[in-house]
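Quick notes on the structure that follows.
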Amino acid sequence: MAEDRRLLDPAVLARLSNLYLVARTVVEGSLTGLHRSLHKGSSVEFAEHREYAPGDDPRYLDWRVFGRTDRLYVKTFREETNLKSLILLDASGSMAYRGRGLSKLEYAVYLAAGLSYLMVNQKDAVGLMVFDSAVRRMVKPASTSRHLHHLLEQLQVTAAAETTNLGEVLHTIAARARRRSLIILISDLLDDPERVLKGLVHFRHKYHEVLVFQVLDPDELELPFSGPHTFLDLETGDRLETDAPAIRAEYRKLVGDFLETYRKGCAEHNISYVRALTNDPFDHFLHRYLERRARYS
Amino acid sequence: MNFLNPLWLWALTGAALPILVHLFARKRGKVLKFSTLQFLRLSQLRTGRRRRLEEILVLLLRVLALACLLAALAGPVSRSRLFGERETAAVLILDDSLSMAAAVNGRTASVRARELARSALASLPEKSEVAVLTFAGRRLPFTRRRDDVGRWLDGIEPGWTAGNLPAALEEAFGLLDRKTGNRIIYLFTDGQAYPWRNVVRSAKDGRRPALVLALAGPPAAGNLTCREVEPVPGRRRARCTVSNWGDRPAVAEVSLAGPAWRLARSLEVAAGESRSVDFDLPEEAGRLEGGVAAAGDPLAADNVCRVDLNASGPRRIMIAGSSGPALFYLEKALALDAETTGLELFSRESAGLSATALAGCGMVILADPGRLAPAVSAFLQDYVRSGGNLLYFAGDRVLAADFNRDWQAPGGTEFLMPARIIDWPRLAVPVRIAWAAAEHPLFLPFGSRALEYLKSVNFNRLVRLEPVDGTVLMRGESGLPLLLEKRVGRGRIMLAAFLPGEDWTNLVFKPGFPVLMQHLARYLSGGNLLAVRTGEVFRPLAGGGRLFSPEGSEVPAEPAAGGWRLDRPGFWRLVPTASGTARERVISVNPDPEEGNLARIGAAEVRQRLAGVTVEFLEAEQALPFLERGAAARDLSDTLLRLALLLILAEAGLAAFFYHLKHREGRHA
């Protein structure tokens, strides 16, 4: 429990508890919650009046309106339902990179924990998949407090390993996810953008809402190192001797193009894409993101 | 291109240092774990070509700058016209010694030397200054008028002397010391080694003018020289000695000619050896001419040697001293076969030496004379200066302090003896002869085996001598001088560090002792014949007179030289001006027989003798093409230093520019 508290810092939770995670689109849920259902029918919350048409259930006729207006109207209701979310956490070798603060994986774990806590608190079901070149661990979605502990434990033991095969992994998971869900991908996306985007689109084709958090270290954007260095690839172990200042300009241009590819690709397929830098306090980032998301929804 | 300090060229390998540093000491930096190399690799690929180009450019500039710096230290001089035709000061030295008359394929070395000199003259840049010197001392001062130089060159013919190469070189260096710009000395010679024997020069400043030595023609095959004609005293006979300088035996026709007769005999002379032939004279002869002839002999000028028997008599030798055993052995050795040797001995006490006693003596031998009376000492000094010869055996009765004081010239700083006495060391073991100047005429009878023979001689007692300015002829082990020679005025003094007695040395028991002493006596007393070498200045012993050349014309004296220069061989006549008992004397003038030795000097020895001077040694076949291309050398050190500085500045500027560019791009990105 102490470890859970370490992951979910009270200061972070204090901010998150004032927010509601509102899904952009309505998904099917088995529990009544704060999310709007796809189906309008008998439920707690009144939605609107509609002129009666043959075939409407006479039980929903509003007799009071008929008494006042002499016209037949039926009442429609918005059904409150629970959100089912699946957090996909990239634990490949590249996520182990640590700049001056948290490593990317640590940052991603905090992010996943925060989101899980928030959703469970809202009675939404949340699941977890940890992957690198394949799916390594899976926690099925649930919304109980016990489940949250289990999920957080799984996050706690997550360590970076192996190489990335993000595109393939996304296809595999998309093929297995039947019910419409909120797919939250937390990764550095350091793989072939075309293949990754195809994997994400696969989710969209199955009517999942997709939310992508691209976690990067500022070093990966800036290449701020001075003088010659021998760079060691965290995934493959390859070495490269180079003078960072000499290639910095070209490097930044390439990384910029790479990020732009993701931004455009996600926008094109109605996928939420958010870039997180490890030097941003993750709670601030999450707060800001959810606030913005609530405003637009 | 040549280099004044070629040793520095080894340092040129250091120019590769920046490359080695670049390759092996390249800074690899820290190892940094990074998420992915894909962007780094791609960036490096895209920027790599430009960066490599920059690195190569900077590296090239560094290597070039270092190479220029090191090459400048090596003192490069170039004769390529690529480096411009700067004003050049050139001194042409032409060998006009006797040996230059040696002919190969019908052309003398002198003719070839003049051709080479003209080629060199033509190759010099327009405004060059040219001076000409010869071994014999002729000189044309610096001039820019080529026609004058050309005409002057045409007038140079081989003389009768060996000339003075060291003096010519010194003068050339002196002339060019005052010149700036390109400076060069051309030396056109047959390459004869003999004139180089006294050339030792070391240019320490490394900025001496370059010297181009061009050999005039191919080497001449062996040469025969008529070395000496001398009377055999007591008999109506004359001895003719010839030398074969070649490297193979020669059959020579040796002849002796009088006014109206000629005798000849064939003689085989081994390579590098001298042999004598005795001729019975058909009549009371006066002037004799000995000769030698052989097929293919390249040099005729040294084939004749003259002597006037009437001008000579027995060689009178005075022996004085206080050492009984030494006098005994000396008299025995010199008197042996006196009839043949022509040595006439007189003995006196040292105190009895006087002008009268020494009249007509060609040589005085002093064996441990003790301290000489001041009058005797002064007389002996005058005797030597005026042409007499002294052989001094230092013994234990001669005190060092007295000796070193008495032989100091009065009123001057000159010490007349070739060495000072230091002390009489106690020898634990006998000292052997370790070195002898085998080429000295003194050792001629022993041929090439002189040192081999002399090594069997040892000394139980010695006087330790400190050479002053004499020539050491023999040294013992540990370098102790044993026998020294010095020219004083017209005479010579020889100083021995031992007494010829059994207490001192076993030399007196050697069969070679009489031979050595007789030859020494003949060598020192030879002046009595009035036989001199061509080119020497003749100063009569007493009085003056009028000198007539072999052709009969009167020759004016050279006041500067203090006598007459006898510049060609023949019988010269000295006619006294005052009437009285003095009679006319005939001087037999012959070339230096060593001039007949045409053996050449090698490039290595020339460079060794002219340390610090860049020498371009041109063999005969290389000389003309080389000179036609132009040999005016230009010192490129300054140019290279300036270039090195420019390259260093360019390298620094370029490196800074690239560094700035790299970081600016980084910041902007």
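The basis for the numbers below is simple: all heavy atoms, side chains too, and nothing from hydrogens, waters or symmetry mates. Residue numbers start from 1 in every chain, and the chains themselves are labelled A, B, ... in the order their sequence lines are given, proteins ahead of strands.
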Flag the pair B/Ser35 / A/Asp217 as yes when at least one side-chain heavy-atom distance between them is below 4.5 Å, and no otherwise.
-> no
Any side-chain heavy-atom pair from B/Gln38 and A/Leu254 closer than 4.5 angstrom?
-> no
Nearest 0.5 Å please: distance from the [atom1] atom of [X] over to the [atom2] atom of [Y].
| X | Y | atom1 | atom2 | result |
| --- | --- | --- | --- | --- |
| A/Arg248 | B/Thr47 | CZ | OG1 | 12.0 Å |
| B/Glu55 | A/Asp243 | CD | CG | 8.5 Å |
| A/Leu234 | B/Phe34 | CG | CZ | 9.0 Å |
| B/Thr36 | A/Phe258 | OG1 | CZ | 8.0 Å |
| A/Asp257 | B/Phe39 | CG | CZ | 9.5 Å |
| A/Phe231 | B/Lys30 | CZ | NZ | 10.0 Å |

Is it true that atom CD of B/Glu621 has more than 12 heavy atoms of other residues, nucleotides or ligands lying nearer than 6.0 Å?
-> yes
Verify the neighbour count for atom NZ of B/Lys179: are there more than 12 heavy atoms of other residues, nucleotides or ligands below 6.0 Å?
-> yes
Turns out that what part of B/Arg41 lies under 4.5 Å from chain A's heavy atoms comes down to both
Can you name the nearest heavy-atom pair linking B/Leu40 to A/Leu223, along with the distance?
-> CD2-CD1, 3.7 Å
How far apart are the closest heavy atoms of A/Leu232 and B/Val31, and which atoms are they?
-> CB-CG1, 4.3 Å
For A/Arg98, is it the side chain, the backbone, both, or neither that has a heavy atom closer than 4.5 Å to a heavy atom of chain B?
-> neither
Donor + acceptor pair across side chains of A/Thr242, B/Gln44 (<3.5 Å) | yes
